[in-house]
Amino acid sequence: MANPHYDLIIIGGGPAGQSAALIAGRTRMKTAFINAENPRNFVTTASHGFLTRDGAHPSELLAVAKDQLRKYPTVDYIADSVSDVARLAEEFSATTAQGTTMTAPRMLIATGHRDNLDQLDLPGIEDVYGKSVYPCPFCDGYEHADAALAIFGHGAIKHFVPMMRIWSRNMIVFTNGNSLDAKVKAELQTKGVPIEEGKVANLRSTGGSLTHVVLDDGREIARQSGFVVEEFSSPATDFAERLGVIAQEENDWGMSELAAAPGTTNIPGLYVVGDARTGFAGIAAAVSEGGFCVEMMAHEVAMERWAALPEDSK
Ligand SMILES: Cc1cc2nc3c(=O)[nH]c(=O)nc-3n(C[C@H](O)[C@H](O)[C@H](O)COP(=O)(O)OP(=O)(O)OC[C@H]3O[C@@H](n4cnc5c(N)ncnc54)[C@H](O)[C@@H]3O)c2cc1C
């Protein structure tokens, strides 16, 4: 049997891919929407900051998206994982773990990032990540306002600490054995922010709630919740690089951007949106990027079809 052929293949069905699929359906593009259904934020208890779904678990967004996409007959939702991608003469192909290969002249990568928590070297982090220790203060700071916070990190700390004061002035910086830049350290001390430079032996918790940061020297420092400055994430797939996308420069937060907004890359027909593009988009931005990217794509498709019409039929 011939491989199924589409106008567009969307790989990844987090908020960026879901929104892309919605606009693809509404612009009547024949779309393969392939999703492994295993995003990085499923570890969290609730996601915040996305209007109408503030406080919902990410699985609720996926369930609603799947339900609403059912009414668009040109969108095939495929719950599967893409294991291989290729660039053909004028098309792209995607092969899934279940062995289906499909082709399309356009491909949108929305596979997100994955967190490499082991690189944090914080024993016990898996028990609290997304439950009382988080990567994003805009996502979870409000729920921990005025709490006794632990801030884990050293690199971008000079940006992070001033911002965290939006939510709590009760914070201790734990560098986990790393030395802070002398100027940054002096500045934090002048502003009255305590710093612990010892190695963290364990994050003690009860039912996902952080209770103490235990240091190598045996001290147990009571804390209610925390934030990690770097979560050491990396792209969930290397599909963009494999297809020839050249990364843009890193931004001030050390995030490399794989494509310019709205997702266009140096490879015609190949788009990257959401966390896959920026490292940490947040739900609202991921939704915006996915939808806008496909709107721009629909313009291109319409103009191509227009140009291909014989002159007397225009
Ligand atoms: C702990 C935590 C808490 C967060 N809380 C919030 C919050 O409260 N508010 C907020 O706005 N943001 C939050 N974020 C950030 C938010 O989760 C992301 O920015 C957002 O989900 C990015 O959307 P995305 O669609 O780009 O990627 P993702 O949501 O990561 O989705 C990527 C999708 O691609 C799929 N995929 C990956 N590889 C393949 C493959 N090979 N084949 C098929 N599918 C594949 C995955 O299974 C996944 O479903 C949080 C992040 C974390 C880690």
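For the numbers below, each heavy atom of this structure counts, side chains included, while hydrogens, waters and symmetry mates do not. Note that ligands are numbered from 1 as they come in the structure, with each ligand's atoms numbered from 1 the same way.
- Nearest to atom 29 (O) of ligand 1 among the protein's heavy atoms is Pro15 CD, 3.3 Å.
- For Phe232, the CZ atom is densely surrounded, since the number of other residues' heavy atoms within 6.0 Å is greater than 12.
- Proximity of Ala110 to ligand 1, defined as any heavy-atom pair under 4.0 Å, is confined to the backbone N, CA, C and O atoms.
- One finds no salt bridge joining Arg223 and Glu196 here, because no Lys/Arg side-chain nitrogen approaches an Asp/Glu carboxylate oxygen to under 4.0 Å.
- Look at Ser81 and you'll find a heavy atom under 4.0 Å from some atom of ligand 1.
- Here Leu62 has no heavy atoms under 4.0 Å from ligand 1, in either its backbone or its side chain.
- For atom 50 (C) of ligand 1, the closest non-hydrogen atom on the protein side is Phe280 CZ, 3.8 Å.
- Although no hydrogens or angles enter the test, the distance criterion places a donor-acceptor pair under 3.5 Å between the side chain of Thr27 and the main chain of Ala24.
- Taking every non-hydrogen atom of Asp115 and a distance limit under 4.0 Å, the qualifying atoms of ligand 1 come out as 53 (C).
- The nearest protein atom to atom 5 (N) of ligand 1, hydrogens excluded, is given as Cys139 CB, 3.7 Å; this is a heavy-atom distance.
- Listed by number with element, the atoms of ligand 1 under 4.0 angstrom from any heavy atom of Ile283 are 10 (C), 11 (O), 12 (N).
- Heavy-atom proximity to atom 26 (O) of ligand 1, evaluated over Asp275, Ile78, Leu117, is greatest for Asp275.
- Between Phe42 and His57, the ring centre distance stays below 6.0 Å.
- Look at Ala281 and you'll find a heavy atom under 4.0 Å from some atom of ligand 1.
- In this pair, Phe227 and Tyr134 present their aromatic rings tilted. The plane angle is within the 30 to 60° band.
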